[in-house]
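Here's the structure, in structure tokens; my notes come after.
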Amino acid sequence: MRTRVDVFPIEEALTLAEITKIVEEGDITEKVIPVDSLFPGYPRLQIREEFARKLANGNLLKPEQLQSFEAAGTQAERRQCFGAGTGQDEKDGWKHFLVYDQQGQFKAIYQEFGDSLSVVKMF
């Protein structure tokens, strides 16, 4: 019998009957897991406000158009995110990043593409 699937332990699993009851009670949102929480090892970057349209359109992004999600940092610090840290996918060898808009909403997974980032998946 399975006791977990990746980051999901069986103790957090819900039956269909439990889900139905929660939906009927109108509070399913507290049980919904944010998508970005499924990628705990990926570095988090935030688009700088003046480049928000590039993120919204899924364009290539440059280090100077991004900042660390936790703190803006300098351009040199942003460039250090490329090629360092975690987010390395063992299967395909690409380094991935979670990218957030200027309001802190998770928007996309990007991967290194030369000295830029290329979109993998928009959310």
Side-chain angles (χ1 to χ4, degrees):
M1 178 170 85
R2 285 188 176 186
T3 59
R4 82 177 300 111
V5 174
D6 198 50
V7 298
F8 304 104
I10 196 165
E11 296 81 27
E12 294 178 14
L14 298 171
T15 66
L16 290 177
E18 290 170 325
I19 293 169
T20 301
K21 182 179 178 189
I22 293 168
V23 169
E24 289 170 356
E25 293 171 354
D27 205 8
I28 191 68
T29 56
E30 74 177 36
K31 297 293 184 181
V32 176
I33 299 168
V35 173
D36 58 337
S37 69
L38 302 176
F39 307 97
Y42 288 23
R44 301 184 323 154
L45 299 171
Q46 187 172 31
I47 195 74
R48 295 171 55 98
E49 189 170 346
E50 60 269 30
F51 302 106
R53 189 174 176 113
K54 288 188 171 288
L55 172 60
N57 291 329
N59 295 125
L60 284 177
L61 300 175
K62 299 280 187 182
E64 57 269 17
Q65 297 169 336
L66 298 158
Q67 59 193 15
S68 163
F69 189 76
E70 288 73 22
T74 65
Q75 184 172 342
E77 289 168 336
R78 289 190 299 275
R79 285 198 173 275
Q80 281 184 335
C81 285
F82 291 74
T86 58
Q88 188 76 27
D89 189 317
E90 293 177 17
K91 181 178 70 175
D92 63 19
W94 291 97
K95 184 171 181 187
H96 294 92
F97 299 85
L98 305 182
V99 181
Y100 298 76
D101 67 14
Q102 62 275 28
Q103 285 81 38
Q105 296 293 311
F106 174 59
K107 293 297 178 180
I109 296 176
Y110 271 72
Q111 68 184 9
E112 284 185 333
F113 185 74
D115 65 349
S116 300
L117 292 180
S118 173
V119 71
V120 173
K121 177 74 176 167
M122 298 291 295
F123 294 90

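We number each residue from 1, following the sequence as shown. These values consider heavy atoms only, across backbone and side chains, with no hydrogens, waters or symmetry-generated copies.
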How long is the straight-line distance from CD1 of Ile19 back to NZ of Lys31, given to the nearest 0.5 Å? 10.0 Å
For Lys62, is there any backbone N or O sitting under 3.5 Å from a side-chain donor or acceptor partner on Gln65? yes
Mind checking the CZ-CD spacing from Phe51 to Gln67? Nearest 0.5 Å is all I need. 11.0 Å
Asp36 and Tyr100: side-chain donor and acceptor closer than 3.5 Å? yes
Closest non-hydrogen atoms of Ser68 and Leu45, given as atom of the first, atom of the second and distance, are CA-CD2, 4.3 Å
When rounded to the nearest 0.5 angstrom, what is the spacing between CG in Asn59 and CZ in Arg53? 9.5 Å
Find the distance between CD (Glu25) and OG1 (Thr20) and round it off to the nearest 0.5 Å. 11.0 Å
Examine Tyr42 together with Phe97 and report whether their ring centres are nearer than 6.0 Å. no
Quick check: closest heavy atoms across Gly104 and Gln46, and the distance to 0.1 Å? N-NE2, 3.5 Å
Residue pair Tyr110, Leu60: steps toward the side chain to side chain contact (heavy atoms under 4.5 Å, CB included) verdict: CA-CA 9 Å; Tyr110 271 72; Leu60 284 177; over 6 Å; no
Grab the two heavy atoms, one from Ala13 and one from Glu18, that are nearest each other, plus how far apart they are. O-OE1, 4.1 Å
Glu50/Arg48 ion pair, N-O < 4.0 Å: yes
Could you check whether any side-chain N or O of Glu112 sits under 3.5 Å from a backbone N or O of Leu117, counting only pairs where one atom can act as donor and the other as acceptor? no
Check Ala108 against Val119 and note the closest heavy-atom contact, atom names and distance. CB-CG2, 4.3 Å
Determine whether more than 12 heavy atoms belonging to other residues, nucleotides or ligands lie under 6.0 Å from atom CD of Glu49. no
For the atom pair CD1 (Ile28) and CD (Glu30), what is the distance rounded to the nearest 0.5 Å? 8.5 Å
Taking Asp101 for its side chain and Gln103 for its backbone only, find out whether a donor-acceptor pair lies under 3.5 Å. yes
Inter-residue atom distance Leu55.CG - Met122.CE, 0.5 Å rounding: 5.0 Å
Can you confirm whether more than 12 heavy atoms, excluding those of Leu16, are under 6.0 Å from its CG atom? no
Quick one, Ile109 with His96, criterion side chain to side chain contact (heavy atoms under 4.5 Å, CB included). Give me CA distance, side-chain angles, the key distance, then yes/no. CA-CA 7 Å; Ile109 296 176; His96 294 92; 3.9 Å; yes
For the hydrophobic clusters of this structure (ILVMFWY residues joined by side-chain heavy atoms under 4.5 Å, transitively), does one cluster hold both Leu98 and Ile33? yes
